[in-house]
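All heavy atoms count here, side chains included; hydrogens, waters and symmetry mates do not.
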Amino acid sequence: MKNILKILILILICINKINCLDGDGKQFRMIMLLSANVNDMGFNNMMNQGRIGVVKNLQIEDSRLIVVDGENDTKALVEPYLQNEDIDFVICSSQGHTTACKYFAEKYLNHPTVKTQFLVRGSGASTANLIQFNYNFASCNYMSGYFAGLHTKTNKIGFLSPGAPKVNDAWVYSFWLGAKQVNPKIEFLYYNVGAFLNPDASERATNDLLERGCDVIGNTLDDFSSGITIMSKGYRTIGTNGFPQKLIYGEKILYSYAYNWTKLFLPIAMSVKAGNTNNINWYGDFNLDENKNFFSIEYSYGVSNDTINKMNQQITYLKSNSRFTHPYYCNEYMPEYTKKYNLSLSTSPTVNNLICIDHSTFLKINPPFPGMTYLGIYNISLVEVEFSQSIQNGFSITSGILITITILMMIGIVKFSKTPSMRSASPIFLNFILAGGIIVYIGIIVWVGPMSTHSCNARLWLVTLGFSTLIGSLVVKNFRIWLIFDNPELKSIKITNYQLFPWVGACLVINIILMSILTSVGDLKQIDAMNIDSLGKYEFMKVCKMNSSGASTLYTILAYFAALLLVGVFVSWKIRIVDIQEFNESGAIANTLYAISFCLFVIVPLMISPQDKQSETIILCTTGLFITTAALLIIFTPKFWRVFRKGTNDSEINFNKKKSSSVATARAESGSKGSGGGGGGSSGNRTNRRGNVASGDFTDDSESSVGDENQKEKEKEKIKDDVANVTSGAVLAEFTDEASDIDNNEFNDIELSEQPPTIINDPENNNNNNNNN
């Protein structure tokens, strides 16, 4: 008994395997092409249900789904399957697949190895490997409109369709005609949304139709986004995309029709599997034979029996008569419409004394009939996401305050220009530095202001010119200090402001040339950017954009600024030997560079990491404000503090002397030894004293080891201070081109004459003189 049972099971397995094979004894392979995912709860879902029905009935083990749309994509994706995997049957479900599948059918007709048959949407001639199918989309839309005309309470209904060039609005006309047949008072409004699957436009267009008073809205779209939008407003809706929506949404669906693709695909697949090549066209429609009836209709309990009875009567009429005599082909509106748009009539132009058109003419219907209100293509308006107004105001107000403070500082420099603190720092160049800061602040105001191509260029010009002016003036000004004080022989060096202006101008010219290149080749402009940051699908932001050439030039400008900063570092390091505090700005420059470096250390990682445009703008503008303000405060606060502490009447020769510099001492000793080697001790002492004149503390003052050292030090310190102050006044005059006669006379006396014996006495000679006495 057990053996018999095993044999029966084995026989059943074999039979099952045989059923899975086609006529040649190999496994049957089938592919279905869909235009969108099966979860659209519409056309593609129902197509997949038809595939599943075929697979179950024919027990096909190798059945695949491919989501693709458009001729080129379909060709590229499908052809490798045809050439390499011995596919038997391809169902091209969408009109977007038709051209590509017909191309394959023609290419592989009578091919020795590729025996694939293609099922495509259309009504043309079939071939040995091409089967065409279609369904009566006009009849189902006609019946949907018929229901809308019966059920409406406002006598105002709406409709959504893809529109040309996707498909003409013949189906919209069918819906309108159905409503018009049963309710002549109907008002009909409709939109095109541009595609079969465009949920965003569908939702917004549906809301617009609801606001216009439509209480029943149909569509010819692939998804159910319109119906979901209606239900979200608390209304019930109809399902007109071929999916049995009542299964999902229950009694919220007043009426829906569903496609039964299994009834259409199953006999076609059976014919292909059997190896039949005598192909014919297939068509789905209402049919009195339930096994061939392509549409099934469901109603909610809220629909009256009277409405259901009228619907059933009309459906029976459609089933009982040739579709070429249906109302959407033959009606009283056709004579005027066909004449107006130059459309041809059918070969049997009248049915029941009504003018008729054939199906090809029907498909050309696109302009609205009288009584149809076309609202146009529904375009979703893009919404601009603007830069935060509060942040914009914050940066603008802060920059404005800083500009005011900077202008007051410029006025203060002019007012106190005669004081040593200001004169020693070159008032003209101080104002240049402040002017650079003002330009940067203006650039930041433009940066956060309204975006345009002009502002995109202006903000880069202003910020770069401002930094060039600020840093260039600072470097050139301190370069002069280095040349004057890094002078062991203390030769009289006169470098006027007018001699330095070209160097500042050179810094600006380089900046102007680079920015001119960026403006001319960088294509810097304002664009409306979408799909960036956290913007919504229909939001955009105005941003500045440049090409790769512009970006390269911008990097060159940044490298130029880096070079300026390096020069500033070098000069600040060199002038550290200056022992006169008013002339030594190495500390201020170093602190400024530290502030800039700190900002860069923090900002560079932030800019490399993903940032939205608003955050990027905040970081850049904050950095610009901080660097500029920190630099100005570090440089100018000590100067104004000294003016405040000493007052405006402070004598210009009362300079502050720093602690003795080891570098200065070493340089002075080197000069002393060199002079001593060439002309004796007396000459060496004289050279060392000139070093004291330049620095005020440029030597270690350890020239003698005989006598009262304490007394000598006190006398020499006093004389050095006096001489240094006089010399500093002379040097100060060189900085401002305002040398007084007495200053120059004093300086020349010190430079050109031997030091009087009463200034520095040689203790050894004094002792000898005393002994002689």
Side-chain angles (χ1 to χ4, degrees), residues 28-56 58 60-105 107-108 116-122 130-135 137 161-162 165-167 193-203 219-228 239 241-245 247-248 258-262 264-266 268-269 272 284 531 537:
F28 188 79
R29 294 184 173 90
M30 182 176 76
I31 291 176
M32 173 174 278
L33 306 181
L34 297 178
S35 60
N37 200 284
V38 297
N39 62 3
D40 64 355
M41 297 303 169
F43 179 84
N44 291 284
N45 185 284
M46 294 308 294
M47 275 285 180
N48 185 52
Q49 293 297 324
R51 179 191 68 88
I52 293 172
V54 172
V55 169
K56 290 175 65 177
L58 299 183
I60 299 174
E61 293 185 356
D62 191 350
S63 175
R64 313 178 195 182
L65 275 178
I66 298 177
V67 178
V68 64
D69 197 19
E71 178 182 354
N72 294 332
D73 290 343
T74 302
K75 287 180 179 178
L77 190 59
V78 174
E79 188 147 30
Y81 289 97
L82 303 177
Q83 295 176 346
N84 303 321
E85 300 200 25
D86 195 19
I87 303 298
D88 297 286
F89 188 35
V90 177
I91 301 176
C92 308
S93 66
S94 172
Q95 292 178 339
H97 308 136
T98 299
T99 303
C101 289
K102 285 184 176 181
Y103 163 81
F104 289 136
K107 179 178 180 179
Y108 294 110
T116 308
Q117 294 202 44
F118 299 88
L119 179 63
V120 303
R121 292 276 297 275
L130 178 65
I131 309 166
Q132 302 204 47
F133 78 100
N134 217 327
Y135 65 102
F137 203 34
S161 74
K166 285 289 184 180
V167 62
V193 296
F196 283 104
L197 194 62
N198 190 352
D200 297 318
S202 300
E203 292 170 8
N219 66 81
T220 55
L221 308 177
D222 281 354
D223 67 348
F224 197 53
S225 55
S226 176
I228 293 172
N241 62 353
F243 182 82
Q245 303 292 348
L247 295 177
I248 305 297
Y259 308 133
N260 193 328
W261 289 107
T262 301
L264 190 66
F265 291 156
L266 182 58
I268 301 173
V272 173
N531 301 319
K537 186 175 181 180

Nearest 0.5 Å, please: how far is [atom2] in [Y] from [atom1] in [X]?
{"X": "Ile60", "Y": "Met30", "atom1": "CD1", "atom2": "CE", "answer": "4.5 Å"}
{"X": "Ile66", "Y": "Ser93", "atom1": "CD1", "atom2": "OG", "answer": "11.0 Å"}
{"X": "Ile248", "Y": "Phe224", "atom1": "CD1", "atom2": "CZ", "answer": "10.0 Å"}
{"X": "Glu85", "Y": "Asp62", "atom1": "CD", "atom2": "CG", "answer": "7.5 Å"}
{"X": "Leu33", "Y": "Thr74", "atom1": "CG", "atom2": "OG1", "answer": "6.5 Å"}
{"X": "Ile91", "Y": "Met32", "atom1": "CD1", "atom2": "CE", "answer": "4.0 Å"}

So Gln49 and Thr262, side-chain contact (heavy atoms from CB on, under 4.5 Å) or not? Walk me through it. CA-CA 7 Å; Gln49 293 297 324; Thr262 301; 5.7 Å; no
How are the rings of Phe265 and Trp261 set relative to one another: parallel (under 30°), tilted (30 to 60°) or perpendicular (over 60°)?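 Because their plane-to-plane angle is under 30°, the rings of Phe265 and Trp261 count as parallel.
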For residues [X] and [Y], report the shortest heavy-atom separation together with the two atoms involved.
{"X": "Val193", "Y": "Asn198", "answer": "O-ND2, 2.9 Å"}
{"X": "Asp88", "Y": "Val272", "answer": "O-CG1, 4.0 Å"}
{"X": "Ala195", "Y": "Leu221", "answer": "O-CD2, 3.6 Å"}
{"X": "Pro244", "Y": "Met46", "answer": "CD-SD, 3.4 Å"}
{"X": "Leu119", "Y": "Phe89", "answer": "CB-CE1, 3.8 Å"}
{"X": "Arg51", "Y": "Ser63", "answer": "NH1-OG, 2.9 Å"}

Decide if atom NZ of Lys56 counts as having more than 12 heavy atoms of other residues, nucleotides or ligands within a radius under 6.0 Å.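 For Lys56, atom NZ is not crowded (no more than 12 foreign heavy atoms under 6.0 Å).
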For Lys75, look at atom NZ and say whether over 12 heavy atoms of other residues, nucleotides or ligands are found less than 6.0 Å away.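 Yes - once you tally the heavy atoms of other residues, nucleotides and ligands closer than 6.0 Å, there are more than 12.
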Qualifying residue, where the test is side-chain contact (heavy atoms from CB on, under 4.5 Å) with Leu65 and the options are Asn48, Asn37, Asn44, Ile31: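 The single option meeting the side-chain contact (heavy atoms from CB on, under 4.5 Å) with Leu65 is Asn48.
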Find out whether [X] and [Y] are in side-chain contact, i.e. whether some heavy atom of one side chain is under 4.5 Å from a heavy atom of the other.
{"X": "Thr98", "Y": "Cys92", "result": "no"}
{"X": "Val78", "Y": "Ile87", "result": "no"}
{"X": "Arg64", "Y": "Tyr81", "result": "yes"}
{"X": "Ser94", "Y": "Asp69", "result": "yes"}
{"X": "Thr116", "Y": "Phe104", "result": "no"}

Going through the distances and angles, do Gln132 and Asn134 end up as a side-chain contact (heavy atoms from CB on, under 4.5 Å)? CA-CA 7 Å; Gln132 302 204 47; Asn134 217 327; over 6 Å; no
Counting only N and O atoms by type, is there a donor-acceptor contact under 3.5 Å from the side chain of Asn45 to the main-chain atoms of Asn39? no
Report yes or no: does Asp222 contribute a side-chain atom to a donor-acceptor pair with the main-chain N or O of Gly42 at less than 3.5 Å? no
When the ring centroid of Phe137 is compared with that of Tyr135, is the distance short of 6.0 Å? yes
Is the ring centre of Phe196 less than 6.0 Å from the ring centre of Phe43? no
What's the verdict on side-chain contact (heavy atoms from CB on, under 4.5 Å) for Tyr259 and Leu264, showing C-alpha distance, side-chain angles and the deciding distance? CA-CA 10 Å; Tyr259 308 133; Leu264 190 66; over 6 Å; no
With ring pair (Phe, Tyr, Trp, His ring centres under 6.0 Å) as the test, would you mind laying out the steps for Tyr108 and Phe118 before giving the verdict? CA-CA 10 Å; Tyr108 294 110; Phe118 299 88; 7.5 Å; no
Should Val120 and His97 be marked as a side-chain contact (heavy atoms from CB on, under 4.5 Å) after you check the CA-CA gap, both sets of side-chain angles, and the distance that decides it? CA-CA 8 Å; Val120 303; His97 308 136; over 6 Å; no
